[in-house]
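The structure under discussion appears below in the form of structure tokens.
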Protein chains: 2
Amino acid sequence: MFRHVGKLGHMSSGRVEQTERRSGALLDHLARRMRLRSESVLAPLGLRPRHLVALTVLREAGGISQQGLASSLQIDSTNVVGLLNDLETAGLVERRRSPEDRRRHVVSLTETGATRLNEAECALAAAEDEVLGALDPAERDTLYELLRRASSGAPATCVEAAGEDPDTLC
Amino acid sequence: MFRHVGKLGHMSSGRVEQTERRSGALLDHLARRMRLRSESVLAPLGLRPRHLVALTVLREAGGISQQGLASSLQIDSTNVVGLLNDLETAGLVERRRSPEDRRRHVVSLTETGATRLNEAECALAAAEDEVLGALDPAERDTLYELLRRASSGAPATCVEAAGEDPDTLC
DNA sequence: CAGATCGTTTGTGTAGCGCCAACCATTTAT
DNA sequence: ATAAATGGTTGGCGCTACACAAACGATCTG
């Protein structure tokens, strides 16, 4: 029902090539453009794109264990250590031992971390303007909201979501 | 037209905004998740994520020079060569010499290339379902449309678009 | 003709990251 | 209490995706 492909039947002759509307490649493409543009802006702040991603996830996910963070970021937990070391020595993030399970580290944004994240995002305005230039402000807001919800709603461990669903008609 | 984001109605009136709503990090985050999930699905088809990105861009951008492709993908033109070699030996892409400037190669999707791209996108349904699980079909469609427009509207060379910066208000 | 431009090859360097192995501290199971 | 499992940390190995530079043939342009 949401398969209405729309126009864009370009040069090809009569063939009605129905194109699949998958966002993956576009996501990849835009993310790359954005990341490249961001690096130079973020550098003065002592941050790299992945730091910003981690901070963003942490702002959303609150006090989370390192493993939880690893599975949300989808990077190996050994690499999370180094990432958090960066952020912690910069004072942007805090590792506290969990009271109920003292093996665990509860990671959360510090006050300055939240502030710095905000500053960084603010500094990215120009980069975003370049990459999302074709979208008007309202659309960018819609995009942001969709991305945020998709990203927060994504199950940390993709294990339990592996069940089958009725959408296998493709 | 494709704007109805439903209720997630946050304040359009607001100035209460404490956090900057920049999409960069979220884009990065989701793209990563998607890419990782996609790899395993794409492998059987002999494709890697970046191939899919290239094919997607080519479907949108039609006959384009390799330099144009390089600047759209934002990768070095020397690396475009290898990328296209992969795709061309797989018969998914075609290099023809431009009639007006015979130095140039005009790159375009072949028939089988378009087909394969479609198949690949189709195969990615499950991956997309996992990553975008929090979004309902209409929202995913909206997201796709926004991404597509942003990506196609992005000027290949960001040079000529860089003329101004009146938005230092942030 | 000279010089710039497009694509190609080759070679070098680097960053990001997966992965393995070993090691504490702690929790849970026997 | 002893054993096993778990969360975090460290170190190291290796791979992939690039960027960057140099040199070359073919071609366009002044």
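Note that this is a predicted model, so its numbers are computed, not measured.
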Inset, instruction - Walk me through it: do B:Glu60 and B:Arg148 pass the test salt bridge (Lys or Arg N to Asp or Glu O under 4.0 Å)? - result: CA-CA 9 Å; B:Glu60 194 87 21; B:Arg148 194 188 58 74; 3.1 Å; yes

Legend entry - Audit row: B:Asp129, B:Arg140, salt bridge (Lys or Arg N to Asp or Glu O under 4.0 Å) steps and yes/no: CA-CA 10 Å; B:Asp129 280 347; B:Arg140 291 188 205 179; 2.5 Å; yes

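For a distance-only test at 3.5 Å, the side chain of B:Ser77 fails to qualify as a donor-acceptor partner of the base of C:dC6.
Atom CD in B:Gln67 sits roughly 4 Å away from atom P in C:dC6 (whole-Å rounding). Spacing between atom CZ of B:Arg32 and atom C1' of D:dT16 amounts to 13 Å, rounded to whole angstrom units. Protein atom CZ of A:Arg35 is 15 Å distant from nucleotide atom P of C:dA15, rounded to whole Å. As rounded to whole Å, 16 Å separates atom P of D:dG7 from atom CZ of A:Arg95. Remark: P of C:dT27 and CZ of A:Arg104 are 10 Å apart, rounded to the nearest angstrom. Protein atom CG of A:Leu83 is 15 Å distant from nucleotide atom C1' of D:dT9, rounded to whole Å. Note: CD (A:Glu39) to C1' (C:dT14) measures 12 Å, nearest angstrom. If you take CG of B:Asn79 and P of D:dT16, they are 15 Å apart, rounded to a whole angstrom.
Residues A:Ala134 and B:Ala150 come closest through the heavy atom pair CB-CA, 4.2 Å.
In the hydrophobic clustering of this structure, A:Leu30 groups with B:Leu30; members are Ile, Leu, Val, Met, Phe, Trp, Tyr whose side-chain heavy atoms approach within less than 4.5 Å, directly or through other members. By the rule that hydrophobic residues join a cluster once side-chain heavy atoms approach within less than 4.5 Å of another member, B:Leu27 and A:Val53 end up as members of separate clusters.
Remark: side-chain polar atoms of B:Arg32 are paired, donor with acceptor, to backbone N or O of A:Gln74 under 3.5 angstrom.
Residue A:Ile75 has its side chain nearest to C:dG18 when only C:dG18, D:dA19, C:dG7 are considered. Residue A:Thr78 has its side chain nearest to D:dT10 when only D:dG7, D:dT10, C:dT8 are considered.
Considering B:Gln67, B:Arg95, B:Gln66 as possible partners of B:His105, the one that fulfils the side chain to side chain donor-acceptor pair (under 3.5 Å) test is B:Gln66. When each of B:Leu87, B:Leu83, B:Asn85 is checked for a side chain to side chain contact (heavy atoms under 4.5 Å, CB included) with B:Val93, only B:Leu87 meets the rule.
Recorded end-axis angle for the helix from C:dC1-D:dG30 to C:dT30-D:dA1 stands at 20°, based on five pairs per end and rounded to 10 degrees.
The side chain of B:Asn85 contributes no N or O atom lying less than 4.0 Å from OP1 or OP2 of C:dG7. One finds no side-chain N or O of A:Gln74 lying less than 4.0 angstrom from the OP1 or OP2 phosphate oxygen of C:dC17.
In the region residues 42-65 of chain A, proximity to DNA chain C at under 4.0 angstrom, judged on heavy atoms, holds for A:Arg48, A:Arg50.
With sequence neighbours excluded, no residue forms a salt bridge (charged side-chain N to carboxylate O under 4.0 Å, His left out) with B:Arg97. The side chain to side chain contact (heavy atoms under 4.5 Å, CB included) test applied to A:Ile64 returns A:Leu58, A:Ala61, A:Leu69, not counting sequence neighbours.
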Using the 3.5 Å cut-off, write out each protein N or O paired with an N or O of nucleotides 27-29 of chain D and the distance between them.
residue: D:dT27; atom: OP1; partner: B:Arg102; partner atom: NH2; Å: 3.1
residue: D:dC28; atom: OP1; partner: B:Arg102; partner atom: N; Å: 2.9

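The side-chain heavy atoms of B:Arg21 and A:Glu145, taken from C-beta on, include a pair separated by under 4.5 Å.
Here side-chain hydrogen bond (donor to acceptor under 3.5 Å, both in side chains) pairs that include residues 41-54 of chain A, with residues two or more places apart or in two chains, are A:His51-A:Asp86.
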